[in-house]
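Here the structure is laid out as structure tokens; the discussion comes afterwards.
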Amino acid sequence: MASSSLRYQDKVVLITGGSKGLGEAAVREFVKAGSKVAFCARGVEVGKALEVELNKVGPGECFFIQCDVFKEDDIKRTVEQTVEKYKRLDCLINNAGWHPPEMKIDDVTAEHFKWLNDLNVINPFIFSKHALPHLRKTKGNIINISSLVAKIGQTHAVPYVTTKGAIDAMTRAMAVDEAQYEVRVNTISPGNFWTPLWDEFSQASADTKAFIQRGAEAQLIGRFGKPEESGKMCLFIAAEATFCTGHDFVMSGGSDLDYGCKTRVKGRTSIFE
């Protein structure tokens, strides 16, 4: 019998956007749990470096695949390469996506909105479509990465919030359809997690220290989420939450609780100013 630490031993997981941020954290947690992990991203150098690093330590293993998630042929090939190498697929984690900088709706072009929709919604839909024939065979599961702001809204982020709301709706619809095959479909909705993107936004702000402090203080817990905490949640959903489907696992640190001043200060355009 596998030890309790090898909670997903020999199960095959495909993680999109797996070379950094929350995706990288998920790759690390599943490898620790004894899984066989295929992960994809555009950047070859970073992806290959992570593959080499983790395959030295195990106890699971990982396999990097270069993929442009805007191209269906690339997505189909990524799923096929995963199954060709590991002979099965137990879990798909749709993590690849992006949060643009703040932008007033007046400045959002239709082209930008369509581009973000292709990245944040169409890409996980196509991955799911091509993965499902394999997941049905294993009674596997899909984990879609949504966002807290799909539930509570966010300043100057209409396109992003809309795409994540679509992920929530797609997850529920897919959970209904796939239940007959015993395939579970769930979402994780992170709030403020310290990722390379958050770091990038903080460095671009007028006052980096104050920007980071306000981001941390938005949570009742008083800190940012750690990427590994999101990875552990993915592992829990895949390995233990076997009676959950169509469910949204909100990881907010309590930022969506309690009353607070919602009135906009005159001239201020964001809570992070």
Side-chain angles (χ1 to χ4, degrees), residues 1-41 46-67 75-96 124 127-145 171 174-175 178-188 227-245 247 249:
M1 176 180 279
S3 71
S4 59
S5 62
L6 300 180
R7 295 157 56 193
Y8 217 53
Q9 187 171 22
D10 295 329
K11 299 287 189 179
V12 178
V13 185
L14 172 57
I15 302 173
T16 73
S19 64
K20 60 183 179 180
L22 301 185
E24 177 190 347
V27 172
R28 291 181 179 277
E29 291 302 324
F30 277 91
V31 170
K32 288 179 187 176
S35 304
K36 297 175 180 177
V37 183
F39 69 100
C40 68
V46 175
K48 283 291 185 182
L50 182 61
E51 176 188 67
V52 171
E53 176 196 344
L54 296 183
N55 283 338
K56 288 180 180 179
V57 296
E61 61 181 88
C62 64
F63 170 52
F64 171 72
I65 304 170
Q66 184 183 26
C67 177
I75 292 173
K76 183 178 179 181
R77 173 182 53 80
T78 298
V79 174
E80 290 173 347
Q81 282 187 247
T82 301
V83 176
E84 180 181 356
K85 182 174 179 63
Y86 292 126
K87 311 306 178 189
R88 60 183 289 152
L89 183 62
D90 297 280
C91 179
L92 168 66
I93 301 177
N94 282 311
N95 169 74
F127 261 107
S128 298
K129 175 182 176 179
H130 289 292
L132 275 166
H134 305 286
L135 293 169
R136 290 165 185 161
K137 294 176 184 178
T138 60
K139 299 180 181 179
N141 72 104
I142 296 173
I143 302 170
N144 293 318
I145 306 302
T171 297
M174 202 175 289
E178 297 306 314
Q180 63 180 308
Y181 305 106
E182 298 184 54
V183 173
R184 297 178 293 116
V185 189
N186 295 287
T187 55
I188 290 178
E228 57 265 33
E229 291 173 312
S230 175
K232 291 178 189 298
M233 178 62 84
C234 287
L235 179 58
F236 167 74
I237 294 170
E240 278 90 43
T242 53
F243 197 58
C244 294
T245 193
H247 188 72
F249 293 81

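On a predicted model such as this, the values are computed, not experimentally measured, just so you know. Start at 1 with the first residue, then count along the sequence.
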Is there a donor-acceptor contact under 3.5 Å linking the side chains of Thr187 and Asn144?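 There is no such pair (donor and acceptor under 3.5 Å, judged by atom type) between the side chains of Thr187 and Asn144.
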
Would you check if there is a donor-acceptor pair between the side chains of Ser35 and Asp10 at a distance under 3.5 Å? no

Going by the rule side-chain hydrogen bond (donor to acceptor under 3.5 Å, both in side chains), which residues pair with Lys232 if we only count those two or more places apart in sequence or in a different chain?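 Lys232 satisfies side-chain hydrogen bond (donor to acceptor under 3.5 Å, both in side chains) with Glu29 only.
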
List in chain and number order the residues that pass side-chain hydrogen bond (donor to acceptor under 3.5 Å, both in side chains) with Glu228, two or more places apart in sequence or in another chain; answer none if no residue qualifies. none

Hey, is the main chain of [Y] close enough, under 3.5 Å, to the side chain of [X] for a donor-acceptor pair?
| X | Y | answer |
| --- | --- | --- |
| Asn186 | Cys244 | yes |
| Ser19 | Gly47 | no |
| Lys139 | Arg136 | no |

Can you name the closest pair of heavy atoms from [X] and [Y] and give their distance?
| X | Y | value |
| --- | --- | --- |
| Ile65 | Thr78 | CD1-O, 3.7 Å |
| Asn95 | Thr16 | N-OG1, 2.9 Å |
| Pro227 | Leu22 | CA-CD2, 3.8 Å |
| Arg184 | Ile237 | NH1-O, 3.0 Å |
| Ile188 | Cys234 | CD1-SG, 3.3 Å |
| Val31 | Cys62 | CG2-CB, 4.0 Å |

Under the side chain to side chain contact (heavy atoms under 4.5 Å, CB included) rule, what do Tyr8 and Asp90 come out as? Steps first, then yes or no, please. CA-CA 10 Å; Tyr8 217 53; Asp90 297 280; 3.8 Å; yes

Can you check whether [X] reaches [Y] side chain to side chain, under 4.5 Å on heavy atoms?
| X | Y | result |
| --- | --- | --- |
| Val185 | Ser128 | no |
| Pro59 | Leu6 | yes |
| Met174 | Ile142 | yes |
| Leu135 | Asn141 | no |
| Glu53 | Arg28 | yes |

[atom2] on [Y] to [atom1] on [X], rounded to 0.5 Å:
| X | Y | atom1 | atom2 | answer |
| --- | --- | --- | --- | --- |
| Thr82 | Leu92 | OG1 | CG | 9.0 Å |
| Leu14 | Phe30 | CG | CZ | 11.5 Å |
| Leu50 | Lys20 | CG | NZ | 13.0 Å |
| Leu54 | Phe39 | CG | CZ | 7.0 Å |
| Lys129 | Phe127 | NZ | CZ | 14.0 Å |
| Thr171 | His247 | OG1 | NE2 | 12.0 Å |

Test salt bridge (Lys or Arg N to Asp or Glu O under 4.0 Å) applied to Glu240 - qualifying residues, sequence neighbours left out: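 Checked Glu240 against salt bridge (Lys or Arg N to Asp or Glu O under 4.0 Å); matches are Arg7.
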
Check ion pair Lys56-Glu61 (N to O, under 4.0 angstrom): no

Any salt bridge linking Glu51 with Lys48? Criterion: basic side-chain nitrogen under 4.0 Å from a carboxylate oxygen. yes

